[in-house]
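Below, each value reflects all heavy atoms present in this structure, side chains not excepted, and no hydrogens, waters or symmetry copies. Being a predicted model, the structure only gives us computed values, none of them experimental. Order of the sequence lines fixes the chain letters, A, B, ..., with proteins taken first and strands second; residue numbering starts at 1 for each chain.
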Amino acid sequence: MKYDFSEIEKRQQKLWEEQKIFRLDDRNAKRPYYCLEMFPYPSGRIHMGHVRNYSIGDVIARYKKMQGFDVLHPMGWDAFGLPAENAAIKHGIHPAKWTYENIDYMRTQLKRMGLSYDWTREIATCDPKYYKWEQLFFIQMLEKGLVYRKKAKVNWCESCQTVLANEQVEEGLCWRCDSEVVERELDSWFFKITDYAEELLSGCEKLKGWPEKVLTMQRNWIGKSVGAEIDFKVKGKDKVIKVFTTRPDTLFGVTFMSISPEHPLAVELSRGTSQQEQVKAFIEKWKSALKSERYGQTEKEGVFTGSYAVHPLTGEEVPIFVANFVLMEYGTGAVMAVPAHDQRDFEFAKRFNLPIRIVIMPKDGQLHQEDMEEAWEGPGVLVNSAQFSGLDNEEAKIRIVELLEKEGKGQKKITYRLRDWGISRQRYWGAPIPIIHCEQCGPVPVPKEDLPVELPFDVEFDPSGRSPLPHLEAFWKTDCPRCGRPARRETDTMDTFVESSWYFARYICADDHTKALDRERVDRWLPVDQYVGGIEHAILHLLYSRFFTKALRDLGYLSADEPFDRLLTQGMVLKDGAKMSKSKGNVVDPDTMITRYGADTVRLFILFAAPPERDLEWSDRGVEGSHRFILRLWRLVTDNLDQLKPASFSGDELRSICAEQKNLRALRQKTHQTIKKVTEDIEERYHFNTAISAVMELVNQISSTLKDFQGSEEQGFWKVIREAIEAALLLLSPMIPHVTSELWQILGHKQLIAREPWPVSDPDAAKKEAVLVVIQVKGKVRGKIEVPVGSSKEEVLTLAQKEPNVSKYLEGKEIRKVIYVPDRLLNIVV
RNA sequence: GCCGAAGUGGCGGAAUUGGUAGACGCGCUAGAUUCAGGAUCUAGUGGGAGUUAUUCCCGUGGGAGUUCGAAUCUCCCCUUCGGCACCA
């Protein structure tokens, strides 16, 4: 019988569809398990990264189903975004047409892979039936104070003609097109993610099933700093400059102050002083520098403002500088400078010849102002700090802030690096922001009964990339819902990350178009038990989804605190050591591979070549190896079908057969050891590569046993073989579902293999009778002897001493110590 | 600079708790078989030495240490990758 994978895969997929085996009745689920992979952007074709992502998720989903869980395993499309619009401009295709055609094509591709999705739950985020709810959330979040509008400096990408979130700017460049990001003042809508900064941070502790790497990245991104805000008066002016510091213990070491070139007082402080022109010039120069040029520039530059700040405790006057390294976005845009204990201040002080005053003395060793080469940022005891001298610096932090609070000159303060999430995008292909701007009433939310605000279809695309919406009167011209006067509809659309921040909840009740989320249904399934996706979303998507889940919880839509209980971040698929990309010309097309070898082979290779979290090197030879293995499996069944078919078995039968025949006992032992090993590898570690190699070993042993018993017609023998083969098929069925399903039928089973329960290892059958114990002398291997399981130290030692190669090393020496690891190793120390 | 991960044959990788390093697969070598096949089967395959069926030495990026015993634990160093990057 020929292994015609193309026919087999088509036939099996048709069977699964006809029998609706992956359709889930979520309301009647007794053991819910939600397995989810990150949904794709419908770019046109799936790539190997998708194949890997969805193969991994499919193994988990199918495995859990066989374990008896009711598995929710949906798929959909992250369908808004720039490429659709670019295609429209370039090829004159409407973004909607482009997107839906891509979806149709990619759906076919995914179906060819034989993935166990419940396709009835499919969603596309560009569907008004989807984004309608998102617009509703926006309005409700606005009512709750979680959405606000402000004129803000935004990151603007000229090439993409849109605003980017902080998270989408990488080293001053656009994350998508790598072109220079410039600053612009724009009225924009923001989600108040900072309201959840503390919960997003502390929640990391509870995410036990997330990779530590991702949690670290999230923590760094949130960037919590505990410290104090301290008020410095400006000498001779009725002004106060607030600074933020994490080191209030160094307050007595302040010898100057630095403020950002963007600080509102920067120009004012120099007004009327001799420094006025210099300050102006400095700020101009700084502003004209490109954002990417500012990155990596560590040279400290600055200019004296001509003004002085008054130290809140000593009354000392210290000069105020405008300095290039002070960020306006963080803290207050002004810092108290303590050159002795902050490296940046130290460098600045050296450059401008400013005094360095030591106020923290390290426990061992002395610091001397004259010969310091770098700042001392470590702990120590306070010196030169009035009544606080002699205190440990951690203690001093508390005491000094207490005093400042008492005198009304400062207070404890916690600062986060996390910024609010700007979501306004000046693009067409996104969900419209449901707002109407009225000259009288200001921005007014679209009445809920008028939702969705649908994206108009008939638009002209501007080759520059500018959104057509502001020029489309039919879209923007409207009346104010509050006062009825003529008004203008908001023409910005939402960041596409908004759609992907809650899609996992929508799948659960995708059939219900009367409400956004059915709380009862959603609560049964969230959080997602297992989420699988690429590491590139470690910050953006995952942080936004966590925020959205908390916001939706607080709006009463659901109860979960976190969206994803366990997270598996798969590595990249590489070719020749580099990520596959068109420009490098090292792309391997999944379709080509599936046509050539079948979906099972491609799935098997990609699961076998590396553990999921590691990068995977694509190898054409490796694919052939995987194909050969499936062929071997195929022949193992089909070449022996006459004997295998009638060889139905029961556990009791097998036990009595194996009691008499040692070789068969060994095979059955291997069968049950393999079941145990594969179950553990999948359940505990998701190490499919070792799970597959374990089944390969089993298959190898089946083959060699067959050879040993060549031509045997004995019934008992074939029963043991059949048990082993069936175990191999069941264990492999989540990974190579088509061929195992076909072989299962060929063996005469009426029920589809996907409906079979996962095999259970019989501990008695798996138990070894004898083990190979390694004999070491002084830690060096000198022999191996076979002993019955559970042999005592003495028994093994007696046998070991009889081994010629062991006794050779013991001769004339005194045994000092014998270490015995039961059933593994005996080490004789002489 | 800081944080994190990793470094094992010609290659992908295994060794789950400190206990036979190199499972499984690729590749390679030799032989068999068929040459229509991306074939199949058998044996071998870390390096070195040897009295070549049973042996010894070396070997998990480098160096030290703990231990009867270290790829695994500790310290120092090197390399690669990823993240953050003047965060006060």
Side-chain angles (χ1 to χ4, degrees), chain A residues 170-171 211-221 223-225 227 243-247 250 258 294-300 323-327 329-338 341-345 347-348 415-417 535-536 538-539 571-572 596-597 601 604-605 608-611 613-629 631-632 635 677 680-681 684-685 687 689-697 699-700 703 707 772-784 803-805 808 816-821 824-830:
Chain A
E170 292 164 352
E171 302 195 353
E212 197 50 47
K213 183 185 184 175
V214 175
L215 293 175
T216 305
M217 282 162 74
Q218 295 232 334
R219 286 190 193 104
N220 290 344
W221 194 262
K224 179 181 181 178
S225 293
V243 301
F244 173 73
T245 179
T246 54
R247 295 295 303 273
T250 63
S258 311
R294 285 185 214 151
Y295 272 89
Q297 189 197 339
T298 49
E299 194 69 23
K300 302 286 174 291
N324 66 338
F325 64 91
V326 182
L327 306 170
E329 312 84 83
Y330 185 78
T332 61
V335 289
M336 60 179 223
V338 185
H341 305 293
D342 181 285
Q343 186 57 26
R344 291 154 303 177
D345 297 343
E347 286 166 27
F348 195 85
T415 304
Y416 299 91
R417 210 185 74 114
I535 186 74
E536 66 272 19
I539 300 173
M572 287 186 298
R596 191 176 301 162
Y597 299 104
T601 294
L604 185 68
F605 167 72
F608 179 60
E613 64 279 2
R614 249 205 254 187
D615 285 349
L616 181 151
E617 175 71 31
W618 183 267
S619 151
D620 289 337
R621 300 274 199 186
V623 180
E624 282 170 22
S626 294
H627 192 68
R628 276 202 292 270
F629 172 71
L631 273 171
R632 234 181 305 148
R635 280 197 305 264
K677 162 96 177 131
E680 284 168 1
D681 278 351
E684 290 161 25
R685 317 195 294 166
H687 277 200
N689 56 331
T690 52
I692 292 165
S693 75
V695 185
M696 286 174 168
E697 284 184 47
V699 170
N700 290 346
S703 300
K707 223 159 280 152
L772 209 57
V773 170
V774 171
I775 310 300
Q776 295 184 333
V777 180
K778 275 181 75 181
K780 295 225 181 256
V781 180
R782 297 300 178 192
K784 293 160 194 181
E803 284 285 303
N805 199 47
K808 192 164 103 193
R816 270 182 36 215
K817 201 170 161 188
V818 177
I819 292 133
Y820 183 55
V821 184
R824 296 199 89 149
L825 172 141
L826 184 87
N827 189 4
I828 305 166
V829 187
V830 292

P atoms of B:rU34 and B:rU29, separation to the nearest Å: 22 Å

Between B:rC76 and B:rA30 - C1' atom distance, rounded Å: 48 Å

Donor-acceptor pair between A:Asn220 and A:Arg417 side chains, under 3.5 angstrom: no

For A:Lys784, all residues meeting salt bridge (Lys or Arg N to Asp or Glu O under 4.0 Å), sequence neighbours excluded: none

Partners passing side chain to side chain donor-acceptor pair (under 3.5 Å) against A:Thr216 (at least two apart in sequence or in another chain): none

Nucleotide of B:rU20, B:rC68, B:rU16 approaching A:Ile819 most closely (side-chain heavy atoms): B:rC68

Separation between NE2 of A:His627 and CZ of A:Phe605, rounded to the nearest 0.5 Å: 14.5 Å

Nucleotide of B:rA88, B:rC84, B:rG25 approaching A:Asn700 most closely (side-chain heavy atoms): B:rG25

Just the table, please: protein N/O against nucleotides 45-52 of chain B N/O, every pair under 3.5 Å.
none

With A:Asp620 via side chain to side chain donor-acceptor pair (under 3.5 Å) - residues at least two apart: A:Trp618

Phosphate OP1/OP2 of B:rA88 contacted by A:Arg417 side-chain N/O (<4.0 Å): no

NZ or CZ of A:Lys300 within 45° of A:Phe348 ring axis and under 6.0 Å: no

A:Glu624 or A:Lys784, whichever maps to the more 5' nucleotide of RNA chain B: A:Lys784

Donor-acceptor pair present, A:Asn827 side chain and B:rC68 base, under 3.5 Å: yes

Base-paired stems in RNA chain B, each at least three Watson-Crick or G-U pairs under 3.5 Å: B:1-7 with B:78-84, B:10-12 with B:24-26, B:27-32 with B:40-45, B:46-49 with B:55-58, B:61-65 with B:73-77

Rounded interatomic separation in angstrom, taking CG from A:Asp681 and P from B:rA14: 10 Å

What N/O pairs connect the protein and nucleotides 53-56 of chain B at under 3.5 Å? Give each pair on its own line.
from, atom 1, to, atom 2, distance (Å)
B:rC56, OP1, A:Arg782, NH1, 3.1
B:rC56, OP1, A:Asn805, ND2, 3.2
B:rC56, OP1, A:Tyr809, OH, 3.3

Which residue lies more 5' along RNA chain B, comparing A:Ile535 with A:Leu772 via nearest heavy atoms: A:Leu772

Minimum-distance nucleotide to A:Arg596 side chain [options: B:rC24, B:rC87, B:rG38]: B:rG38

Distance-only polar pair, side chains of A:Ser225 and A:Tyr330, donor-acceptor under 3.5 Å: yes

Whole-Å distance separating the CG atom of A:Leu825 from the P atom of B:rG19: 10 Å

Partner residues of A:Tyr820 under the ring-ring contact (aromatic ring centres under 6.0 Å, His included) criterion, sequence neighbours left out: none

Sugar-phosphate only, base, or nothing, as touched by A:Gly331 at under 4.0 Å among non-hydrogen atoms: nothing

Distance in angstrom units between A:Met217 CE and B:rC81 C1', rounded: 13 Å

Gap between atom CE of A:Met572 and atom CZ of A:Arg614 - 0.5 Å precision: 14.0 Å

Spacing of the P atoms in B:rG13 and B:rA23 (rounded, Å): 15 Å

Spatial distance of atom OG1 (A:Thr245) from atom CE (A:Met336) [nearest 0.5 Å]: 4.0 Å

Sugar-phosphate, base or nothing in reach of A:Thr245, heavy atoms under 4.0 Å: sugar-phosphate

Nearest-nucleotide pick for A:Lys817, side chain only, options being B:rG19, B:rA88, B:rC68: B:rC68

Atom-pair distance (CG on A:Leu631; C1' on B:rG38), nearest Å: 9 Å

Spacing between A:His341 atom NE2 and B:rC86 atom P, to the nearest angstrom: 23 Å

For A:Ala691, all residues meeting side-chain contact (heavy atoms from CB on, under 4.5 Å), sequence neighbours excluded: A:Val678, A:Asp681, A:Ile682, A:Met735

Pairing residues for A:Phe608 by the ring-ring contact (aromatic ring centres under 6.0 Å, His included) criterion, not counting sequence neighbours: none

Gap between atoms CG and P, on A:Asn220 and B:rG82 respectively (whole Å): 17 Å

Touch class at under 4.0 angstrom, heavy-atom based, for A:Val774 against every strand present: base

Protein-nucleotide distance (A:Asp342, atom CG; B:rC87, atom C1'), rounded to Å: 11 Å

Rounded P spacing from B:rG65 to B:rA71 in Å: 16 Å

Short side-chain N/O contact from A:Lys707 to OP1 or OP2 of B:rU42, under 4.0 Å: yes

A:Arg219, CZ: over 12 other non-hydrogen atoms inside 6.0 angstrom: yes

Anti/syn call for B:rG37, syn if |chi| within 90°: anti

Interatomic spacing from CG in A:Asn827 to NZ in A:Lys817 - rounded to 0.5 Å: 9.0 Å

Separation between the C1' atoms of B:rC87 and B:rA6, rounded to whole Å: 29 Å

Sugar-phosphate, base or nothing in reach of A:Arg621, heavy atoms under 4.0 Å: sugar-phosphate

Residues which pass side chain to side chain donor-acceptor pair (under 3.5 Å) with A:Arg635, listed by chain and number, not counting sequence neighbours: none

Between B:rU72 and B:rG9 - P atom distance, rounded Å: 15 Å

Residues which pass ring-ring contact (aromatic ring centres under 6.0 Å, His included) with A:Phe244, listed by chain and number, not counting sequence neighbours: none

Spacing of the C1' atoms in B:rU80 and B:rU74 (rounded, Å): 24 Å

Cationic N near anionic O, under 4.0 Å, A:Glu613 to A:Arg685: no

C1'-based separation of B:rU45 from B:rC24 [nearest Å]: 15 Å

Between P of B:rG82 and CD1 of A:Ile539, the distance in whole Å: 14 Å

Sugar-phosphate only, base, or nothing, as touched by A:Val326 at under 4.0 Å among non-hydrogen atoms: base

A:Arg628 side-chain N/O to B:rG27 phosphate OP1/OP2 under 4.0 Å: yes

Tabulate atom names and distances for all N/O pairs under 3.5 angstrom spanning the protein and nucleotides 4-13 of chain B.
from, atom 1, to, atom 2, distance (Å)
B:rG12, O2', A:Ala609, O, 2.7
B:rG13, O3', A:Asn689, ND2, 3.4

